Amino acid sequence: MSTRPLVIGNWKMNLDFVEGLHLVQQLGVLLKSHPLEHVEAVVAPPFVDLRTVSSILDAERLAVALGAQHVNANENGAHTGEISTSMLSRLNVTWVIVGHSERRTHYHMTDEIVRATSQSVLRAGLRAVLCVGETLAVRDADQHEAWVESQLRSALEGLDASLHPLVTVAYEPLWAIGTGVNASSEQVKEMTDFIRRVLTSLVSSAPQVLYGGSVTPTNAATLVGESGVDGFLVGGASLKAESFYAILRACDDCYALKR
Ligand code: PGA
């Protein structure tokens, strides 16, 4: 791990703003009593929680950045039900998850929309977490590298070089998301190495590469220690302060040991 580890909690469609407030308060207690030295922590609550979570992070001076789970690629206008990058920036959001597989699969987020959304996020000066990953059928057909490469190329090819430093990639195989079956350290290593190789031909910076898919306090230390990944995108285990903190701690300890 060459850069500070990054751990992002994706709450998905869980926790209303009161529950979100409680979670961040509990996380704050843990972070204040046992501070983390190296890890960069981000929470990505539902849109309607952002203002509350932003206020509490600010009031408690917590070293946790704010992320959004999605955004519309357009700047404004007639897009009923959608949210723009400028709306997010006004709420102190600095990270946006782009192209999560649940959006690609259930909400018709095509490669073209992922590309437009990435560009819009990056041009707004926000940091994009571009999600890529294959289904089990694609992996069984031994097409996972080609699949992920095509997702990366489609999203990033031709991107203005000034925006490269704002790109982060999350490898999230669909068969590992929310299933309780995480990819093995070998599989994560193989794919993060592959993604880094593809990225050298696409961007001039060296983006952090995260892993996501059933990361828990039990497997986090092994995964981060053995796979060479730069951190995690965490779903289910980010919904409890103790389990999210334990994953942050595992990454912090690993970085301290390897430095
Ligand atoms: P999970 O979700 O940790 O619940 O598997 C990960 C994700 O979808 O980002």
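The structure presented is a predicted model; accordingly, all values stated were derived computationally and were not measured.
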### Message
If you count every heavy atom of other residues, nucleotides or ligands that lies below 6.0 Å from Q25 atom CD, does the total exceed 12?
### Response
yes
### Query
Do we get R103 above Y107's six-membered ring, with its NZ or CZ under 6.0 Å from the centre and within 45° of the axis?
yes
### Task
Could you check whether the rings of Y211 and F232 sit parallel, tilted or perpendicular, using 30° and 60° as the cut-offs?
perpendicular
### Query
Is D193 salt-bridged to K189, cutoff N-O under 4.0 Å?
yes
### Message
Which heavy atom of A68 sits nearest to which heavy atom of F47, and what is that distance?
### Response
CB-CE2, 4.1 Å
#### Entry: K240 atom NZ: more than 12 heavy-atom contacts under 6.0 Å
no
### Task
For the pair S238 (side chain) and G235 (backbone), establish whether a donor and an acceptor sit closer than 3.5 Å, ignoring hydrogens and angles.
yes
### Query
Are any side-chain N or O atoms of Q151 and backbone N or O atoms of G133, one a donor and one an acceptor, separated by less than 3.5 Å?
yes
### Query
Do side-chain atoms of Y245 reach the backbone of H34 as a donor and acceptor pair under 3.5 angstrom?
yes
### Query
Side-chain donor-acceptor pair under 3.5 Å between W175 and E134, yes or no?
yes
### Task
Answer with yes or no whether the hydrophobic clustering places I177 together with V7; edges join I, L, V, M, F, W, Y residues whose side-chain heavy atoms lie under 4.5 Å apart.
no
### Query
For S154, does its backbone N or O pair with a side-chain atom of E157 as donor and acceptor, under 3.5 Å?
no
#### Entry: Under 3.5 Å side-chain donor-acceptor pair for N76 and S84
no
### Query
Out of curiosity, does L130 fall in the hydrophobic cluster containing V96 (side-chain heavy atoms, cut-off under 4.5 Å, transitive links)?
yes
